[in-house]
**Student:** 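Got a structure here, written out as structure tokens. Questions coming.
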Amino acid sequence: MNIISVKNYQEMSKVAAEMLIEKLSATGVNVMGLATGGTPEGMYKQLVKLASERNFSFKDIHTVNLDEYVGLSDEHPNSYHTYMRNHLFDHIDIPDANTHLPNGLAENLDGECERYEKMITDLEQVNIQLLGIGANGHIGFNEPGTSFNSKTQVVQLAESTREANARFFENEAEVPTHAITMGIQTIMESKEIVLLASGSSKAEALYELICGKQVTEKVPATVLQRHPNLTVIADEEALHLVNSVQHS
Ligand code: GLP
């Protein structure tokens, strides 16, 4: 595990964008897994800026997002489809057909999960997967207790996750109760993972991921200890528990 410690959110966003664009410039890297949430917003802004400054083209890149809320249409202001258009897709030259997110309005949700998983398999491998982390240690929307063998699936959101995400909605009641998410096994199959974390609310989850003695389904992010190519880019607040233990 490679840990990059940065000062704050702004530095995390810059360092991550620089790293991503460099990796995407390498030959053979054409599938990027994407995350949503507050954490990567600044990184997307920097990525758009760097791509424009360096004339970097996304026309041969495919993106696969981790998750989408069940019950929200592509056009819903809080859907992850809308998030991705607003923060990235509308500002780069990626063809629409190359961007992939689960369909939260699918009539047959299990069928949609199978379609999504097959789409990822058909792309062969996610070269680089971007991740955030939930305060309870979730990755994607895989909440505590999710099997490490899970593939793309429908999940029920933890109340704490709905509370945390209520800030993006009018109120908590508007936050969907379910989501479609890549499974933990799906995430672990990506060649390389870059996880971003900022702020003290992530300190406990990050401590478990980096220093946790047990790899346990109770804290989904601990599975990442087993990934052969993981980079964590985290700021001082998010790393404060890790640092306090290492310095004691
Ligand atoms: C969300 C997403 C995750 C994200 C996490 C943290 O609900 N499904 O992919 O990493 O929770 O979100 P945030 O970055 O807003 O703290």
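In listed order, ligands and their atoms are each counted from 1. All values below were derived from every heavy atom in this structure, side-chain atoms included, with hydrogens, water molecules and symmetry-related copies excluded.
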**Student:** Please work out which of the three classes, parallel, tilted or perpendicular, describes the rings of Tyr80 and Tyr83, given edges at 30° and 60°.
**Tutor:** perpendicular

**Student:** Which heavy atom of the protein is the closest neighbour of atom 5 (C) of ligand 1, given with residue, atom name and distance?
**Tutor:** His138 NE2, 3.4 Å

**Student:** State plainly whether the residues Glu112 and Arg115 are in salt-bridge range, i.e. N to O under 4.0 Å.
**Tutor:** yes

**Student:** I need the Thr181 OG1 to Glu68 CD distance, nearest 0.5 Å.
**Tutor:** 11.0 Å

**Student:** So is Gly140 polar-close to ligand 1, meaning N/O to N/O under 3.5 Å?
**Tutor:** yes

**Student:** Does the N or O separation between Gly38 and ligand 1 drop below 3.5 Å for any pair?
**Tutor:** yes

**Student:** Does Lys151 come within less than 4.0 Å of Glu189, counting only side-chain N to carboxylate O?
**Tutor:** yes

**Student:** Below 4.0 angstrom, N of the basic side chain to O of the carboxylate: do Lys49 and Glu53 qualify?
**Tutor:** yes

**Student:** Would you say Glu68 contacts ligand 1, with heavy atoms under 4.0 Å as the rule?
**Tutor:** no

**Student:** For atom 4 (C) of ligand 1, what's the nearest protein heavy atom and its distance?
**Tutor:** Thr36 O, 4.0 Å

**Student:** Val242 and Leu206: which non-hydrogen atoms are nearest, and at how many Å?
**Tutor:** CG2-O, 4.2 Å

**Student:** Given Gly37, Ala221, Ala179, which one has a non-hydrogen atom that is nearest to atom 12 (O) of ligand 1?
**Tutor:** Gly37

**Student:** Which protein heavy atom lies closest to atom 8 (N) of ligand 1, and at what distance to 0.1 Å?
**Tutor:** Asp67 OD2, 2.9 Å

**Student:** Which residue holds the protein heavy atom closest to atom 16 (O) of ligand 1, what is that atom called, and what is the gap in Å?
**Tutor:** Lys202 NZ, 2.6 Å

**Student:** For residues Phe141 and Tyr69, establish whether the separation of their ring centroids is below 6.0 Å.
**Tutor:** yes

**Student:** Is any NZ, NE, NH1 or NH2 atom of the basic residue among Glu18 and Arg54 found under 4.0 Å from an Asp or Glu carboxylate oxygen of the other?
**Tutor:** yes

**Student:** Of all the heavy-atom pairs spanning Ile184 and Ser150, show the shortest one and how long it is.
**Tutor:** N-OG, 3.0 Å

**Student:** Heavy-atom distances under 4.0 Å are what count here, so tell me which part of Glu41 touches ligand 1: side chain, backbone, both or neither.
**Tutor:** neither

**Student:** To the nearest 0.1 Å, how far is atom 6 (C) of ligand 1 from its closest protein heavy atom, and which atom is that?
**Tutor:** Ile133 O, 3.5 Å

**Student:** Salt bridge or not between Arg85 and Glu75? Use side-chain N to carboxylate O under 4.0 Å.
**Tutor:** yes

**Student:** Just to confirm my output: which protein heavy-atom neighbour is closest to atom 14 (O) of ligand 1, and how far is it?
**Tutor:** Thr39 OG1, 2.4 Å

**Student:** Is it the side chain, the backbone, both or neither of Thr181 that has a heavy atom closer than 4.0 Å to ligand 1?
**Tutor:** neither

**Student:** Contact between ligand 1 and Ala35 is defined here as a heavy atom of the residue under 4.0 Å from a ligand atom; is it met?
**Tutor:** no

**Student:** For ligand 1, find out whether one of its N or O atoms is nearer than 3.5 Å to an N or O atom of Thr161.
**Tutor:** no

**Student:** Run the numbers for me: atoms of ligand 1, each under 4.0 Å from some heavy atom of Gly132, listed by number.
**Tutor:** 10 (O)

